[in-house]
Amino acid sequence: MARLDGKVAIITGGASGIGAEMATMFTGEGATVIAADINQDALDKISENENIHGMKLDVSAEEDWQSLVEKVVNDFGKIDILINNAGVTSEKPITEINYKDWEFLSKINGFGAMMGIKYVAPAMERNKQGSIVNLSSVTAQIGMGLNSYSASKGSVRAISKAAAVEYGKRGIRVNAVFPGVIETPMTKGLKSSEGQLSQINALTPLGRLGQPEDVANAILFLASDEASYITGAELAIDGGYSAM
Ligand SMILES: NC(=O)c1ccc[n+]([C@@H]2O[C@H](COP(=O)([O-])OP(=O)(O)OC[C@H]3O[C@@H](n4cnc5c(N)ncnc54)[C@H](O)[C@@H]3O)[C@@H](O)[C@H]2O)c1
C-alpha cells in the first residue's frame, strides 16, 4: 500500500518549484492531487500529468477558496490534505518598504494560508480527520535580510500553532516546515551570484543548497498517517542552517 493511498490533497502553488515536486511525489504515493495555482500556463503544463488536477486559485481571494473547496468536494468527495505552499518573496531593505509591499507579501503568504485553513478545515471536519502543512521559512526564525518576507512567514509560523490548538480535538493536525535555501524558480537569482552561493553553502552544515525533493519528502511524512500523533510541530528543512 502506498503512503497516501485514497487521499485527496490540495497543494497551493502546486505548479512550480517545491509545490510541483510535491504534486508529482504525492500522486506517486497514491493520492489524488489538486495543484492550485495563480499561474495558468504553469498549471496547464503540470496537468499534462493525468493524475494531477490543475485548478486556478489566488490564495489571497476568499471567493476563490470558497469555489475551489466546493469544486474539489463535488468532484472528489472529500479533502484529506492541505499544503499551504503558495508564496512570494521580496529582498527589499527595510528603508525601501512601504505599505503596498507589506500588504502584497502578507496577503499571499500569511492571509492566504489562513484562508486555506478557514475554507478547507470544515470539509476535513466532516470526516473527523485531516492534515495541514504550512510552508514557513528559515527567515521566520533568523534574520536573513528578507524583512517583509520574514514577517509574513513569521505569521505563518504563528498561524500554524494557533490552528493546531483550535482544530486538534476535531481530528485535524496542523504543522509547519521551515525550509532553508532551496533551488527553485524563487531562488534562481542566487545561481548568478557566485559570492552569495558560496556564502550560503559555507554557512550550511550539510554544505549544499536544498532541493525541492528534500522539502517534499519531509512534508509527505507530515501529510501522511505516519505522523498521526504530530501536530503543532515545527520542522527545519535547512541542512542545519538554523542550528549555526
Ligand atoms: N525556495 C526557497 O528557498 C524557499 C525557502 C523557504 C520557504 N520557501 C517557501 O516555499 C514555498 C514554495 O516556494 P518555491 O521556492 O517552490 O517557489 P516558486 O516561486 O517556484 O513557487 C511558488 C508558486 O506559488 C504560486 N503563487 C504565487 N502567488 C500565488 C497566489 N496568490 N495564489 C496562488 N498561487 C500563487 C506561483 O505561481 C508559484 O507556482 C513558498 O511559500 C516559499 O515562500 C521557499
Side-chain angles (χ1 to χ4, degrees), residues 1-14 18-19 21-34 36 59 78-87 109-110 112-142 153-180 182 205-206 210-243:
M1 188 166 145
R3 295 165 76 190
L4 299 180
D5 254 352
K7 304 275 191 194
V8 177
I10 296 176
I11 302 172
T12 71
I18 297 166
E21 180 67 31
M22 285 188 280
T24 310
M25 190 179 282
F26 284 20
T27 56
E29 290 292 345
T32 298
V33 170
I34 293 88
V59 291
K78 60 171 185 165
I79 304 169
D80 302 294
I81 294 165
L82 168 66
I83 313 296
N84 278 315
N85 165 78
N109 296 349
M114 178 81 100
M115 290 303 100
I117 298 169
K118 174 178 173 181
Y119 285 96
V120 171
M124 292 176 161
E125 255 183 280
R126 286 198 283 278
N127 299 321
K128 299 189 173 48
Q129 60 91 32
S131 175
I132 298 172
V133 182
N134 298 323
L135 279 274
S136 183
S137 161
V138 66
T139 64
Q141 300 169 309
I142 54 176
K153 291 296 183 178
S155 83
V156 173
R157 181 184 196 181
I159 290 162
S160 303
K161 291 274 188 205
V165 171
E166 186 157 331
Y167 288 101
K169 295 233 167 28
R170 305 184 222 171
I172 300 170
R173 300 184 294 104
V174 186
N175 292 293
V177 296
F178 297 74
I182 312 298
L206 292 183
Q211 297 302 313
E213 59 266 33
D214 293 320
V215 182
N217 272 316
I219 294 178
L220 168 62
F221 165 68
L222 289 171
S224 78
D225 293 341
E226 293 160 23
S228 61
Y229 199 53
I230 301 177
T231 195
E234 299 192 336
L235 180 60
I237 312 168
D238 63 2
Y241 194 99
S242 59

Test salt bridge (charged side-chain N to carboxylate O under 4.0 Å, His left out) applied to [X] - qualifying residues, sequence neighbours left out:
X      : value
Asp238 : none
Glu213 : none
Asp5   : none

Please name all residues satisfying side-chain hydrogen bond (donor to acceptor under 3.5 Å, both in side chains) with [X], sequence neighbours left out, ordered by chain then number.
X      : value
Thr32  : none
Tyr119 : Glu62
Glu234 : Arg157
Lys161 : none

Got a sec, which residues hit side chain to side chain contact (heavy atoms under 4.5 Å, CB included) with [X], two or more places apart in sequence or on another chain?
X      : value
Ala23  : Ile11, Val33, Ile46, Ile52
Ile142 : Val138, Met144, Tyr241
Leu235 : Val177, Ala218, Leu222, Ile237

query = Got a sec, which pairs hit salt bridge (charged side-chain N to carboxylate O under 4.0 Å, His left out) with one end in residues 122-138, sequence neighbours left out?
reply =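 Checked against salt bridge (charged side-chain N to carboxylate O under 4.0 Å, His left out) - neighbours excluded - the pairs reaching residues 122-138 are Glu125-Arg170.
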
key: Residue pairs passing the salt bridge (charged side-chain N to carboxylate O under 4.0 Å, His left out) test where at least one lies in residues 215-231, sequence neighbours excluded   =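 Passing the test, one end in residues 215-231: Arg3-Glu226, Lys7-Asp225.
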
